[in-house]
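Numbers for residues simply follow the sequence, beginning at 1.
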Amino acid sequence: MLIRRVPTDSYEAVQVMRRLKPRQSTFEIFEMLEQERLTTLTGYDHDEAIRVGGELEAVGCTVDIKREEN
């Protein structure tokens with residue numbers, strides 16, 4: 001999953017990411033989303049990727065979901 005765009009007010013996106021990456025601090029997640037405009041999330045099966053992508057899109061992110069090549 002590739003996060004292409006994060007809204008200017010990304011508080012909600014940070015909250016979604018905190019659920020996905022609980023070991024990272026809020027500041028680390030905010031920095032990742034702010035500085036790495038093309039943030040990649042891997043390791044999700046297709047159904048989970050669709051669900052997570054939907055959560056991120058609901059808070060204003062633009063997400064591309066791609067299947068990994070084996």
Problem set entry | Beyond-backbone contact of K21 with L41, side-chain heavy atoms, under 4.5 angstrom |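 The answer is yes, as the side chains (C-beta and beyond) meet within the 4.5 Å cut-off.
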For this session: Evaluate the side-chain proximity of F30 to V6: yes if any heavy-atom separation is below 4.5 Å, no if none is.
Result: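 Side-chain contact under 4.5 Å: no.
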Exercise. Going through the checks in order, is the side chain to side chain contact (heavy atoms under 4.5 Å, CB included) test met by Y11 and T26?
Worked result: CA-CA 10 Å; Y11 176 79; T26 301; over 6 Å; no
Problem set entry | salt bridge (charged side-chain N to carboxylate O under 4.0 Å, His left out) against R23, all qualifying residues, sequence neighbours excluded |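 In terms of salt bridge (charged side-chain N to carboxylate O under 4.0 Å, His left out), with neighbours along the sequence ignored, R23 is linked to no residue.
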Problem set entry | salt bridge (charged side-chain N to carboxylate O under 4.0 Å, His left out) against R18, all qualifying residues, sequence neighbours excluded | none
Problem set entry | Lys/Arg N to Asp/Glu carboxylate O, R19 vs E55, below 4.0 Å | yes
Exercise. Say you draw a straight line from CD of E48 to CG of L20; how long is it, rounded to the nearest 0.5 Å?
Worked result: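 Reported value, rounded in 0.5 Å steps: 8.0 Å.
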Problem set entry | Step-by-step side chain to side chain contact (heavy atoms under 4.5 Å, CB included) determination, M17 to M32 | CA-CA 10 Å; M17 293 295 289; M32 176 182 66; 3.1 Å; yes
Seminar exercise, completed: For Q24 and E28, the nearest pair of non-hydrogen atoms, with its separation, is CA-OE1, 3.2 Å
